[in-house]
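Beneath this line is the structure, given in structure tokens, with notes to follow.
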Amino acid sequence: MTNQLKVKMILSKEFKVGKIDDRIYGSFIEHLGRAVYEGIYEPAHSSANEQGFRQDVMDMVRELKVPLIRYPGGNFVSGYNWEDGVGPVESRPRRLDLAWKSTEPNHVGTNEFMNWATQVGAEVNMAVNLGTRGGDAARNLVEYCNHPGGSYWSDLRISHGWKEAHRIKTWCLGNEMDGPWQIGQKTADEYGRIAVESAKAMKLVDPSIELVACGSSSSAMTTFAEWEATVLDHTYEQVDYISLHNYYANRDNDLSNYLAQSLDMNHFIKSVASICDYVKAKKRSKKTIYLSFDEWNVWFHSNEADKKIEPWSVAPPLLEDIYNFEDALVVGTLLITLLKNADRVKIACLAQLVNVIAPIMTDKEGDAWRQTIYYPYMHTSVYGRGTALNPIISSPVYDSKDFTDVPYLESTAVYDETNETLTIFAVNRSQEAPLLLEGDIRDFTNYRVIEHIVLENDDVKATNQINRTNVVPHNGGDAEVRDGTLLAHLPKLSWNVIRLAK
Ligand code: AHR
């Protein structure tokens with residue numbers, strides 16, 4: 001291994017993937033663990049507003065500029081009666097949540113969540129229950145949320161104090177219906193039928209909505225690929241997106257292999273796009289189905305702790321992964337992979353947002369704090385709007401346990417036409433050497449580096465904790481434009497954001 005590895009990149013406004021749909025920076029809040037109760041909602045907290053929402057958490061969500069939040073599940077939605085969560089809070093039932101073996105008090109429901117989402121500036125991606133319920137409950141929820149008034153369900157909403165319709169645009173037709181853990185698991189044909197009939201009814205109530213059909217729970221499911229083909233065979237003309245879910249992990253503590261897992265995400269995306277196009281060809285359809293990667297993240301740290309949690313409590317501390325520095329690098333590579341596929345992936349949700357496998361953590365009655373993965377998510381969401389470019393990259397590669405030809409440099413770039421800024425996102429996967437980046441930025445004449453943000457740490461296992469911030473970015477990177485060429489050192493194992501403007 002040399003002391004320094006050379007990587008090259010050619011960037012042009014003409015080499016592009018396509019316009020980025022802002023919803024690619026979406027996230028997810030499920031009624032699970034402490035995401036809702038003690039997460040976004042804690043009426044007794046010193047920062048709580050009149051509705052009981054923690055304003056310290058809201059500030060962090062706003063800082064992330066989250067455009068879309070999936071709600072209310074997840075596995076939870078497959079046993080949820082949405083009617084339990086509307087109307088006077090004091091008359092709402094306490095229910096057993098069978099998905100997470102918890103008790104759901106229903107203090108927060110559809111209207112409260114819509115109110116919170118509006119306050120943080122996010123749209124909602126609403127999931128309907130196709131596990132224990134079906135098209136009837138789903139179309140009633142669309143009517144309750146989106147119909148202006150003058151019908152039973154819309155007037156009920158108005159009587160609950162919500163005169164204006166919520167106008168929710170994006171809806172998920174159930175959740176992970178292929179999974180044996182799911183309440184109301186279905187075969188692909190069973191799900192395809194219930195999904196298409198629900199979709200028809202929901203779009204009859206509001207033709208402006210967009211619908212996401214459930215793809216496989218992960219590419220590791222034995223039914224993967226056949227599931228997508230069958231579901232789309234039933235639903236093709238009624239739905240707009242198919243979902244992808246995948247969680248990544250470093251179970252063997254093999255860092256070079258862990259850092260390469262974004263190649264698996266890329267392969268998964270390409271495979272699902274191919275299945276969509278196969279069904280398109282088979283149906284002689286002119287319509288293209290887009291992808292909604294509506295659950296992705298690192299998830300494994302909390303698996304053992306979760307086995308010890310007593311069932312049936314309200315807001316147990318479930319799925320509370322504490323992320324380290326290497327997880328932040330992996331999340332960075334996953335975000336870059338989503339951007340590289342921005343022509344096909346229109347929605348993506350970092351699962352989840354608060355306390356549950358989340359970038360934001362809270363202490364009951366205490367502070368909110370930022371995990372390591374908060375930073376790559378924030379940087380891409382804030383600076384990664386506009387057009388995804390398709391840089392030509394030349395990088396040395398390595399092999400790992402499960403992958404071959406893994407480039408040391410994982411990178412992409414975004415051009416924001418509105419303020420004429422160019423932003424390069426880059427991860428150096430090398431554990432030994434910095435990368436010397438030489439960028440041909442041809443048609444970005446007179447551009448200069450305005451900031452080179454770096455997230456680096458000598459300890460890959462370093463974590464942030466409440467009141468202990470070990471992993472934070474600095475803006476001391478050395479990127480510069482010299483004689484029209486971009487030059488930068490990307491430290492070994494680092495996340496980089498290089499921002500250029502005229
Ligand atoms: O995000 C946590 C869980 O992971 C979701 O509830 C489920 O959809 C997936 O299995």
Side-chain angles (χ1 to χ4, degrees), residues 1-11 17 216 218-222 224-225 244-274 293 296-301 323-341 345 372-373 376 380 390-413 424-439 454-462 488-496:
M1 180 73 61
T2 55
N3 283 342
Q4 183 168 272
L5 295 166
K6 287 194 176 158
V7 287
K8 288 193 174 175
M9 177 183 281
I10 306 174
L11 274 167
V17 178
S216 298
S218 81
S219 53
M221 300 297 288
T222 51
F224 169 60
L244 295 82
H245 289 183
N246 228 17
Y247 292 96
Y248 303 88
N250 188 11
R251 292 187 201 284
D252 310 333
N253 197 18
D254 176 347
L255 183 53
S256 55
N257 201 48
Y258 183 39
L259 288 170
Q261 288 186 15
S262 62
L263 275 65
D264 182 64
M265 179 193 241
N266 194 55
H267 180 62
F268 185 25
I269 290 170
K270 301 289 187 215
S271 304
V272 176
S274 305
F293 213 126
W296 70 270
N297 200 350
V298 169
W299 174 14
F300 71 108
H301 295 287
Y323 293 113
N324 58 32
F325 173 61
E326 65 185 26
D327 300 326
L329 293 178
V330 169
V331 164
T333 61
L334 298 172
L335 285 157
I336 290 170
T337 304
L338 292 169
L339 282 169
K340 283 178 162 176
N341 290 283
V345 180
T372 62
I373 63 167
T380 46
N390 188 9
I392 314 284
I393 293 173
S394 148
S395 165
V397 295
Y398 69 91
D399 292 342
S400 72
K401 181 163 75 69
D402 299 321
F403 303 93
T404 51
D405 295 330
V406 183
Y408 283 106
L409 174 66
E410 186 66 66
S411 183
T412 196
I424 296 166
F425 300 106
V427 171
N428 177 358
R429 290 191 174 99
S430 171
Q431 297 177 50
E432 278 99 33
L435 297 178
L436 175 58
L437 171 68
E438 192 183 306
V454 183
L455 188 67
E456 57 184 331
N457 204 289
D458 290 338
D459 177 6
V460 291
K461 304 296 182 193
H489 282 94
L490 313 178
K492 66 176 185 183
L493 293 178
S494 62
W495 160 255
N496 298 263

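For the numbers below, each heavy atom of this structure counts, side chains included, while hydrogens, waters and symmetry mates do not. Given the structure is predicted, the values throughout are model-derived calculations rather than measurements.
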Might you work through the side chain to side chain contact (heavy atoms under 4.5 Å, CB included) test for N297 and V331, ending with a clear yes or no? CA-CA 7 Å; N297 200 350; V331 164; 3.8 Å; yes

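- No side-chain heavy atom of I393 sits less than 4.5 Å from a side-chain heavy atom of V7.
- Residues L490 and E456 are not in side-chain contact: their nearest non-hydrogen atoms beyond the backbone lie 4.5 Å or more apart.
- Side chains of Y258 and V330 form a contact here, defined as non-hydrogen atoms less than 4.5 Å apart.
- Heavy-atom minimum distance, S494 versus V454: CB-CG1, 4.1 Å.
- Taking CZ of F403 as the start and CG of L263 as the end, the distance is 6.0 Å to the nearest 0.5 Å.
- For K6 and E438, the salt-bridge test fails: no basic side-chain N is under 4.0 Å from an acidic carboxylate O.
- Side-chain N/O atoms of K340 and N390 include no donor and acceptor closer than 3.5 Å.
- Across L259 and R429, no two heavy atoms sit closer than the pair O-NE, 2.8 Å.
- Minimum heavy-atom separation, L11 to P391: CD2-CB, 3.7 Å.
- For the atom pair R251 CZ and H301 NE2, the distance stands at 10.0 Å (nearest 0.5 Å).
- The shortest distance between side-chain heavy atoms of Q261 and N266 does not fall below 4.5 Å.
- Contacts of I10 classified as side chain to side chain contact (heavy atoms under 4.5 Å, CB included), with partners at least two apart in sequence or in another chain: F15, I392, D440, R442.
- Proximity of the aromatic rings of Y247 and F300 is defined here by a centroid distance below 6.0 angstrom, and this criterion is not met.
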Test side chain to side chain contact (heavy atoms under 4.5 Å, CB included) on Y408 and V397 and set out the steps. CA-CA 6 Å; Y408 283 106; V397 295; 5.8 Å; no

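- Here the shortest heavy-atom pairing between P376 and A328 reads CG-O, 3.5 Å.
- The side-chain hydrogen bond (donor to acceptor under 3.5 Å, both in side chains) with N257 is formed by just one residue from the set D402, N250, D399; it is D402.
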Side chain to side chain contact (heavy atoms under 4.5 Å, CB included) between W296 and L335, worked out: CA-CA 10 Å; W296 70 270; L335 285 157; 3.6 Å; yes

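- With a 4.5 Å cut-off on side-chain heavy atoms, L5 and L436 do not count as touching.
- In this structure, K492 has no salt bridge (charged side-chain N to carboxylate O under 4.0 Å, His left out) partners at least two apart in sequence or on a different chain.
- In this structure, the side chain of N428 engages the main chain of S430 through a donor-acceptor pair within 3.5 Å.
- Taken to the nearest 0.5 Å, the CZ atom of F293 stands 7.0 Å off from the CG atom of L338.
- Counting all heavy atoms, side chain and backbone alike, E410 lies closest to I336 at O-CD1, 3.4 Å.
- Considering every non-hydrogen atom in both E326 and L255, the closest pair reads OE1-CD1, 3.4 Å.
- Atom OG of residue S218 and atom NE2 of residue H245 lie 10.5 Å apart, to the nearest 0.5 angstrom.
- Judged purely by atom type and a 3.5 angstrom limit, D327 uses its side chain to pair as donor or acceptor with the backbone of N324.
- Within the model, atoms OG of S395 and CG of D405 stand 10.5 Å from one another, a figure rounded to the nearest 0.5 Å.
- Put simply, the side chain of S411 reaches to within 4.5 Å of the side chain of I424, judged on heavy atoms.
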Could you check L339 against V17 for side chain to side chain contact (heavy atoms under 4.5 Å, CB included), going step by step and ending with a plain yes or no? CA-CA 8 Å; L339 282 169; V17 178; over 6 Å; no

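- With contacts defined as side-chain heavy-atom distances shorter than 4.5 Å, the pair F325/L455 qualifies.
- At least one donor-acceptor pair closer than 3.5 Å links the side chain of Y398 to the backbone N or O of S256.
- Residues passing the side-chain hydrogen bond (donor to acceptor under 3.5 Å, both in side chains) test with S394: none are found, sequence neighbours excluded.
- Once rounded to the nearest 0.5 Å, the distance linking OG of S219 with CZ of F268 reads 5.0 Å.
- Side-chain contact between Y248 and L334: present, with at least one pair of heavy atoms (C-beta onward) separated by less than 4.5 Å.
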